[in-house]
Amino acid sequence: MERVALVGFGIAGASLAATAPEGIELVVYDVAGPRCSSRVATGLVNPIVLKRRRVVWRAVEALKVALRTYPSELHSSGPIYEVLQTVQELNDWQALSDHPALGEFLGEVTPVPQGIHGVGLGKVRGSFRLNVIGFIEHTRAQVEVWNEQVNEIEANAGGSWTINGQERFDRVILAEGYQARWAEHFWGPLGFARTWGQGLHVHLTAEPGVMLHRSHFLIPEPNGSYQLGASFGWGIDHGDQDPPRALADQTEELLNSARDWVDGRIEVQGQWTGIRPNTLDRRPRWGWHPEHATLGMLNGLGSRGTLHAPLLAQELWAAR
Ligand SMILES: Cc1cc2nc3c(=O)[nH]c(=O)nc-3n(C[C@H](O)[C@H](O)[C@H](O)COP(=O)(O)OP(=O)(O)OC[C@H]3O[C@@H](n4cnc5c(N)ncnc54)[C@H](O)[C@@H]3O)c2cc1C
């Protein structure tokens with residue numbers, strides 16, 4: 001049995017646990033708290049960059065592994081729909097459905113529900129919403145999790161590791177999210193361009209009942225309310241900070257952009273913020289350390305953690 005320490009149990013850590021091969025004893029160190037991005041993520045698994053009408057990096061293979069890894073009872077029942085507001089947009093959507101790469105994900109156009117301004121809804125094939133916390137909890141039940149901060153990682157002769165001066169492991173995998181203290185300690189700067197996001201819980205007079213995207217996402221919740229968001233903010237210079245407090249101007253911006261396509265009253269019931277582990281080149285960081293073969297990392301999942309985490313977790317294990 002190989003004893004492996006996993007530092008961090010957001011979507012990256014949980015995916016590593018869910019895809020771990022036989023013969024591994026996994027011990028997880030995770031403090032969760034406000035710095036865990038996965039606990040505030042909406043959980044959309046979306047193979048398309050809707051604003052740019054582009055397929056996401058490695059979307060086809062990532063989606064296949066995500067579907068195998070996430071239990072189907074934790075998926076939303078329906079896909080995301082893009083709100084098409086003009087006949088031109090509708091024609092473009094239909095024309096792009098013949099595109100060799102994008103076409104696979106651009107589904108049929110369906111009528112717009114009451115209360116939404118548009119000429120049609122374009123279905124994003126393959127998209128769904130994952131209950132992220134549900135997945136983390138489901139996976140947590142299968143591994144040993146210690147609610148302990150990792151403050152010390154020491155390399156021993158022979159390739160093993162000691163964590164916090166006590167526990168010995170054959171391998172260590174870092175899945176720390178935007179904080180990335182240990183990943184940057186061993187690898188050096190990872191090229192983060194962290195962003196923060198603000199989302200709103202809203203009550204609507206119009207109730208579309210499906211997941212919509214236009215300027216932002218509008219997502220129905222099981223309790224009848226909706227999530228609207230999330231915004232993008234910069235100015236997160238290092239990993240050692242908590243998400244900023246919600247800002248009134250971000251709230252206003254989200255509401256104003258929604259008013260372009262949602263009729264009726266939009267009543268804010270709550271708001272939340274989180275930090276995304278984005279990188280400058282928009283690529284994740286994963287692999288084994290060039291000098292310490294028993295030290296691995298999965299990070300830099302940016303805004304697409306739910307889509308990419310299972311594929312990259314699987315690849316990390318395969319490369320060990
Ligand atoms: C508002 C918002 C909405 C989003 N919506 C979506 C979405 O719809 N779809 C999507 O795919 N992505 C979304 N994202 C992005 C998504 O949240 C991230 O891609 C993903 O959560 C990153 O997961 P992770 O496991 O790498 O990091 P995290 O989820 O942050 O997990 C890292 C964990 O490691 C722990 N940790 C770190 N260092 C230590 C240490 N030294 N000792 C012990 N524990 C430690 C942390 O406390 C944390 O619990 C959203 C992000 C935000 C902010």
Side-chain angles (χ1 to χ4, degrees), residues 5-18 27-47 50 56 59 62-63 66 70 76 80 127-133 135-136 139-140 145-153 163-164 172-185 190 192 194-201 211 213 216-217 219 227-233 236 239-240 242-244 246 250 254 271-279 282 284-286 297-310 312-313:
L6 188 52
V7 182
F9 207 62
I11 194 74
S15 295
L16 282 158
V27 173
V28 174
Y29 288 82
D30 182 63
V31 287
R35 295 187 180 180
C36 181
S37 313
S38 302
R39 291 187 175 267
V40 295
T42 308
L44 300 174
V45 182
N46 176 12
L50 281 162
V56 172
L63 202 50
Y70 300 138
S76 60
I80 298 167
S127 64
F128 61 96
R129 182 183 186 191
L130 172 73
N131 174 350
V132 181
I133 295 181
F135 175 62
I136 292 173
T139 316
R140 175 188 287 265
V145 183
W146 297 346
N147 182 13
E148 188 180 327
Q149 178 90 29
V150 170
N151 289 319
E152 244 182 270
I153 304 185
I163 290 195
N164 290 348
V172 174
I173 304 181
L174 305 171
E176 307 152 282
Y178 79 86
Q179 297 178 82
R181 171 179 168 195
W182 290 105
E184 292 208 312
H185 172 84
L190 293 174
F192 276 108
R194 301 169 178 91
T195 64
W196 70 280
Q198 179 170 327
L200 306 179
H201 293 293
M211 299 199 288
H213 176 266
H216 294 95
F217 288 96
I219 308 293
Q227 273 196 25
L228 174 64
S231 64
F232 267 84
I236 308 292
D240 193 20
D242 286 341
Q250 299 275 314
L254 286 167
Q271 44 211 326
W272 77 96
T273 60
I275 296 179
R276 305 176 184 91
N278 295 97
T279 56
R282 293 163 192 249
R285 307 287 189 254
W286 80 112
M297 159 181 58
L298 173 52
N299 207 320
L301 292 170
S303 318
R304 305 274 171 183
T306 51
L307 178 63
H308 288 136
L312 304 182

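In what follows, every heavy atom counts, from backbone to side chain, and hydrogens, waters and symmetry copies are set aside. Order of appearance sets the numbers: ligands from 1, and atoms from 1 within every ligand.
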Using heavy-atom distances, let me know which of [options] sits nearest [atom].
atom: atom 51 (C) of ligand 1; options: Arg304, His308, Arg276; value: Arg276
atom: atom 27 (O) of ligand 1; options: Ser15, Gly177, Gly233; value: Gly177
atom: atom 36 (N) of ligand 1; options: Gln149, Gln179, Arg39; value: Gln179
atom: atom 7 (C) of ligand 1; options: Gly43, Pro284, Gly10; value: Gly43
atom: atom 8 (O) of ligand 1; options: Val45, Thr195, Leu44, Leu16; value: Leu44

With the threshold set at under 4.0 angstrom, would you say [X] reaches ligand 1 through any of its heavy atoms?
X: Arg181; value: no
X: Asn299; value: no
X: Ala32; value: yes
X: Ala175; value: yes

Is the contact between Trp196 and ligand 1 made by the side chain, the backbone, both, or neither, using heavy atoms and a 4.0 Å cut-off?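 The answer is neither; Trp196 stays 4.0 Å or more away.
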Any nitrogen or oxygen of [X] lying under 3.5 Å from a nitrogen or oxygen in ligand 1? Just yes or no.
X: Ile11; result: yes
X: Ser303; result: yes
X: Ala12; result: yes
X: Pro277; result: no

Starting from [atom], find the nearest protein heavy-atom neighbour and note its residue, name and distance.
atom: atom 19 (O) of ligand 1; value: Gly302 O, 2.7 Å
atom: atom 30 (O) of ligand 1; value: Ser37 N, 2.9 Å
atom: atom 48 (C) of ligand 1; value: Asp30 OD1, 3.4 Å
atom: atom 2 (C) of ligand 1; value: Val40 O, 4.2 Å
atom: atom 45 (C) of ligand 1; value: Val31 CG2, 4.0 Å
atom: atom 11 (O) of ligand 1; value: Thr306 OG1, 2.6 Å
atom: atom 43 (C) of ligand 1; value: Glu148 O, 3.5 Å
atom: atom 21 (O) of ligand 1; value: Ser38 OG, 2.8 Å

Heavy-atom contacts with [X] under 4.0 Å: which atoms of ligand 1 show up? List them by number with element.
X: Glu176; answer: 32 (C), 34 (O), 37 (C), 38 (N)
X: Arg35; answer: 30 (O)
X: Tyr29; answer: 43 (C), 44 (N)
X: Gly274; answer: 53 (C)
X: Ala230; answer: 1 (C)

Has [X] got a side-chain atom pairing as donor or acceptor with [Y]'s backbone, closer than 3.5 angstrom?
X: Thr195; Y: Gly233; result: no
X: Arg304; Y: Asn46; result: yes
X: Ser37; Y: Ile275; result: yes
X: Tyr70; Y: Thr306; result: yes
X: Asn164; Y: Glu152; result: yes

So, for [X] and [Y], which heavy atoms are closest and what is the spacing to 0.1 Å?
X: Trp196; Y: Pro244; answer: CD2-CG, 3.4 Å
X: Gly300; Y: Thr279; answer: CA-CG2, 3.9 Å
X: Arg194; Y: Gly239; answer: CZ-N, 3.5 Å

Under 30°, 30 to 60°, or over 60°: which ring-plane class applies to Trp182 and His185, parallel, tilted or perpendicular?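 The rings of Trp182 and His185 stand perpendicular, inter-plane angle above 60°.
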Evaluation steps, ring pair (Phe, Tyr, Trp, His ring centres under 6.0 Å), between Trp286 and His308: CA-CA 11 Å; Trp286 80 112; His308 288 136; 8.9 Å; no
When you compare the side chain of Ile153 with that of Leu174, does any pair of heavy atoms fall below 4.5 Å?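 Answer yes - side chains close enough.
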Would Glu176 and Val7 satisfy side-chain contact (heavy atoms from CB on, under 4.5 Å), going step by step from the backbone distance to the final call? CA-CA 6 Å; Glu176 307 152 282; Val7 182; 4.1 Å; yes
Would you say the side-chain atoms of Thr273 and Gln198 include a donor-acceptor pair closer than 3.5 Å?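 Checked: Thr273/Gln198 side chains show no N/O donor-acceptor pair below 3.5 Å.
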Cation-pi between Arg276 and Phe232: NZ/CZ under 6.0 Å from ring centre and within 45° of the ring axis?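 Yes, Arg276 sits over the ring of Phe232.
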Is it true that Arg35 and Asp242 make a salt bridge, defined as a side-chain N closer than 4.0 Å to a carboxylate O?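 Judged by the 4.0 Å cut-off on N to carboxylate O distance, Arg35 and Asp242 do form a salt bridge.
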